[in-house]
Amino acid sequence: MEIIVCIKQVPDSASVKIDPETNTLMRQGVPAIVNPFDMHALEAALQLKEIHGGTITVVTMGPPQATEALRECVALGADKGVLVSDRAFGGSDTLATSYTLASAVRKLGKYDLIICGMQAIDGDTAQVGPSMAEQLEIAQLTFVSKVEINGDTVTVQREQDECYEVVEAKLPLLMTVVRSINDPRFPNVKGIMKAKKAKFDEFGLADLDVDETRLGLKGSPTKVSKIFSPPKRSDTVVIKKDTAKEAVAELITRLKDAKIV
Amino acid sequence: MAVIIKDDLCIGCGSCEGTCPFGVIEMKDDKAVINVGCTSCGACVESCPVEAIINIAEEVVLVGDKNSYKNVFVYIELYEGKPRNVGLELLGQGRMLADKMNQKLAAVIIGDKVADLAKEAFAFGADTVYLVEAPELKNFSTDGYAMAFEDLIQTYKPSVILYGATKDGRDLGPRIACRVRTGLTADCTGLGIDEETGLVAWTRPAFGGNIMATILCPEHRPQMGTVRPSVFKKPVPDYTKTGEIINVASKAKAEDIRTKLIDIIKIAGSSVNLHEAKIIVSGGRGMGKPENFALVQALADVLGASVGSSRAAVDAGWMPYPHQVGQTGKTVGPTIYFACGISGAIQHLAGMSSSEVIIAINNDPEAPIFGVANYGIVGDVLEVLPVLTEELKIALKK
Ligand SMILES: Cc1cc2nc3c(=O)[nH]c(=O)nc-3n(C[C@H](O)[C@H](O)[C@H](O)COP(=O)(O)OP(=O)(O)OC[C@H]3O[C@@H](n4cnc5c(N)ncnc54)[C@H](O)[C@@H]3O)c2cc1C
Ligand SMILES: Nc1ncnc2c1ncn2[C@@H]1O[C@H](COP(=O)(O)O)[C@@H](O)[C@H]1O
């Protein structure tokens with residue numbers, strides 16, 4: 001089975017801080033990681049390969065340093081990696097990103113399954129997967145928490161808010177996975193050695209069969225017009241008393257005054 | 001738009017470097033350069049003391065005649081044959097946008113034998129209902145529903161479409177956006193009209209809620225977005241209202257739908273309807289051990305509330321995932337939210353900060369949860385909760 005896993009290098013949002021003076025993100029020293037959801041996508045691919053055989057190709061679009069993310073995936077067991085990178089791709093929104101990634105996937109040739117993370121923790125959009133499926137004119141199964149493949153039939157459990165849906169479709173298709181699908185493994189020494197020596201294909205503008213007006217900032221219908229810090233509350237009533245009883249009494253008085261109870 | 005740095009003017013002072021929310025400005029050979037990844041947000045422009053950074057208008061590809069697109073459409077997502085709250089909440093927001101633009105508000109209802117629901121849509125503010133009914137559309141499917149929307153967009157040319165940022169909404173939205181080649185802003189928490197341009201201003205959290213971004217879709221139509229459930233209040237329904245129902249024939253044939261729903265597995269103890277809950281009592285790692293969640297449950301019982309949880313408590317196996325509130329859990333907007341032993345990490349706040357009243361109990365006075373709480377008790381949650389439960393029991397009886 002030919003599996004393609006789409007991964008993105010992102011800043012670790014758990015350690016991103018806002019500069020209180022300038023209201024902007026403090027990126028300095030924020031480590032770049034493989035988007036956590038994409039680690040689950042890769043793990044799903046590795047487990048499917050263990051059962052069905054085949055090859056796993058990881059694809060990422062980003063600046064040259066994103067090869068480090070590809071390397072991490074090879075250490076875990078991916079067979080090949082492709083970096084899709086060109087200045088012309090800069091500033092892409094989800095439509096332009098998925099257009100570019102889909103072109104790269106087409107260039108790779110035949111595939112059975114594409115796996116994406118549910119969302120990337122920088123943009124948090126969850127849109128690139130479904131958009132790619134549309135570009136490639138294949139079916140999609142999103143928010144997958146369990147997958148089984150029999151011949152060319154894929155059966156998944158799709159996570160909804162109040163239930164799980166069991167859904168079936170035929171290969172080739174694209175799926176996006178949630179965290180609960182698996183626990184990603186850790187790399188072993190052999191993998192790390194292999195990753196050190198790995199070479200990756202690079203696709204730039206000239207390598208892809210694309211309409212340039214659909215790329216990058218120009219090809220992106222959405223434009224960021226403003227960025228700001230989430231508003232903070234300044235009127236918090238903080239209750240600090242010697243005993244729980246006093247604190248609760250104070251809280252209840254306040255809640256009654258405000259007609260909340 | 002594009003942001004460029006004029007090399008001849010740049011004095012290499014570095015003022016702009018730290019202002020970039022995407023970290024793509026770099027100092028090279030004493031000049032600032034903008035690397036790949038720039039989104040032209042313009043955050044750096046103001047920082048330049050010598051006006052070397054400018055925002056230039058760039059040629060844009062116009063798809064179709066954008067002025068021929070009119071009216072606001074709201075997708076009414078169904079669950080077990082009934083509208084989900086988010087669709088009704090969005091009728092309220094859709095009404096606001098339509099009124100500001102002097103246009104009409106329409107609800108889109110897709111399914112099988114769902115004509116009855118039109119009166120619901122009128123009561124919540126729709127002027128028109130587009131009804132797409134077919135046996136093939138009984139259950140949600142990406143293929144079937146995307147076809148229905150594509151057809152509606154091409155025939156009726158709406159200027160704006162709002163979808164709920166539910167699992168199905170986030171499955172469907174990008175598929176449609178890509179098919180008609182327009183922009184889609186994900187998971188919005190704020191909607192308005194940009195005064196300068198008259199465009200819909202879509203506001204959403206990014207970077208796990210660390211920053212907010214306002215996004216426009218200037219040249220493509222329809223302008224589309226998915227909007228988080230529970231952020232906006234449902235309008236007060238008026239069942240005397242009626243409107244026009246437009247029946248639209250479905251073009252989807254059974255073989256167009258490539259996915260098949262085989263079964264639905266309800267989540268055990270599915271009283272976890274956090275989206276609809278009026279009061280939520282949530283516990284985090286500060287509860288110490290799983291048994292202590294009984295204290296959370298006891299308070300919830302007194303208040304008739306639902307129980308929520310932080311991711312830390314879910315990851316520790318103390319609570320099942322459906323209870324998780326936050327960026328990767330549920331977004332909730334109850335009247336009262338109790339955060340018990342929850343630090344208030346940005347990813348948790350992303351899911352609950354639109355609650356009307358937030359009450360936090362935490363032993364760390366510096367915990368970020370106090371930054372969003374209306375009321376905060378600094379103290380041991382294991383001591384405070386039992387007293388609070390007892391006192392509220394008494395207070396509510398009176
Ligand atoms: C991609 C990503 C997505 C995420 N999504 C989510 C999400 O959806 N939801 C979510 O919640 N988190 C999410 N997180 C995790 C988030 O960053 C935090 O790790 C998590 O919210 C912390 O949970 P907590 O507040 O329960 O635990 P902690 O941060 O450990 O906080 C426990 C708090 O309890 C207090 N405490 C301890 N003992 C007591 C006591 N006896 N009495 C009173 N107070 C006490 C402590 O002072 C502390 O403030 C996500 C993270 C990432 C990277
Ligand atoms: N630049 C990218 N390169 C490769 N894959 C990506 C890229 N951006 C997004 N993806 C994939 O799409 C998923 C959803 O991302 P997003 O729509 O940005 O939230 C991610 O989990 C990745 O699998």
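What you see is a predicted model; the values in this text were computed from it and never measured. The chains referred to below are lettered A, B, ... by the order of the sequence lines, with proteins before strands, and numbering in each begins at 1.
- Minimum heavy-atom separation, A/R87 to B/I34: NH2-O, 2.6 Å.
- Smallest separation of non-hydrogen atoms from A/V167 and B/T259: CG1-CB, 3.8 Å.
- With chain A as the partner, the residue from B/L216, B/I264, B/L303 showing the most heavy-atom pairs under 4.5 Å is B/L216.
- Not a single donor-acceptor pair under 3.5 Å links the side chain of A/Q135 to the backbone N or O of B/C178.
- Of the residues A/V237, A/I239, A/I260, A/L255, the one that meets the side chain to side chain contact (heavy atoms under 4.5 Å, CB included) test with B/I359 is A/L255.
- No part of A/E250 comes within reach of chain B, as not one of its non-hydrogen atoms sits under 4.5 angstrom from that chain.
- Contact record, B/G183 with A/P221: N-CB, 3.4 Å, taken as the closest heavy-atom pair.
- Contact of A/V261 with chain B is made through the side chain alone, with heavy-atom distances under 4.5 Å.
- Interface with chain B: from residues 123-133 of chain A, residues A/G123, A/D124, A/T125, A/A126, A/Q127, A/P130, A/S131, A/A133 qualify, criterion being any non-hydrogen pair under 4.5 Å.
- For A/E246, no part lies under 4.5 angstrom from a heavy atom of chain B.
- For B/R258, the side chain to side chain contact (heavy atoms under 4.5 Å, CB included) criterion is met by A/A139, B/D143, B/R175, not counting sequence neighbours.
- For the set B/L392, B/I336, B/T166, B/L349, the count of heavy-atom pairs under 4.5 angstrom toward chain A peaks at B/L392.
- Between chain B and the residues A/L251, A/L173, A/T236, A/V166, the largest count of heavy-atom pairs under 4.5 Å involves A/V166.
- Residue B/Q324 touches chain A through its side chain alone, counting heavy-atom pairs closer than 4.5 Å.
- Using a 4.5 Å cut-off between heavy atoms, A/F37 touches chain B through its side chain atoms alone.
- For B/P365, the part sitting under 4.5 Å from any heavy atom of chain A is the side chain, from C-beta outward, and nothing else.
- Every residue meeting the side-chain hydrogen bond (donor to acceptor under 3.5 Å, both in side chains) condition with B/R228, not counting sequence neighbours, appears here in chain and number order: B/D187.
- Considering all non-hydrogen atoms of both residues, A/A244 and B/V387 come closest at CB-CG2, 4.1 Å.
- When B/T226, B/I215, B/T328 are compared by the number of non-hydrogen pairs under 4.5 Å with chain A, B/I215 comes out ahead.
- Comparing B/F370, B/Y79, B/Y321 by how many heavy-atom pairs each has under 4.5 Å with chain A, the most go to B/Y79.
- With hydrogens and angles disregarded, no donor-acceptor distance shorter than 3.5 Å links the side chain of A/T222 to the backbone of B/T185.
- Contact detail for A/F143 and B/R170: the closest heavy-atom pair is CZ-CB, 4.1 Å.
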Show me the donor-acceptor pairs within less than 3.5 Å that the side chains of residues 373-385 of chain B make with the rest of the protein, sequence neighbours left out.
residue, atom, partner, partner atom, Å
B/N374, OD1, B/I358, N, 2.8
B/D380, OD1, B/L382, N, 2.9

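- Contact tally against chain B (heavy-atom pairs below 4.5 Å) for A/E159, A/M118, A/Q157: the top residue is A/E159.
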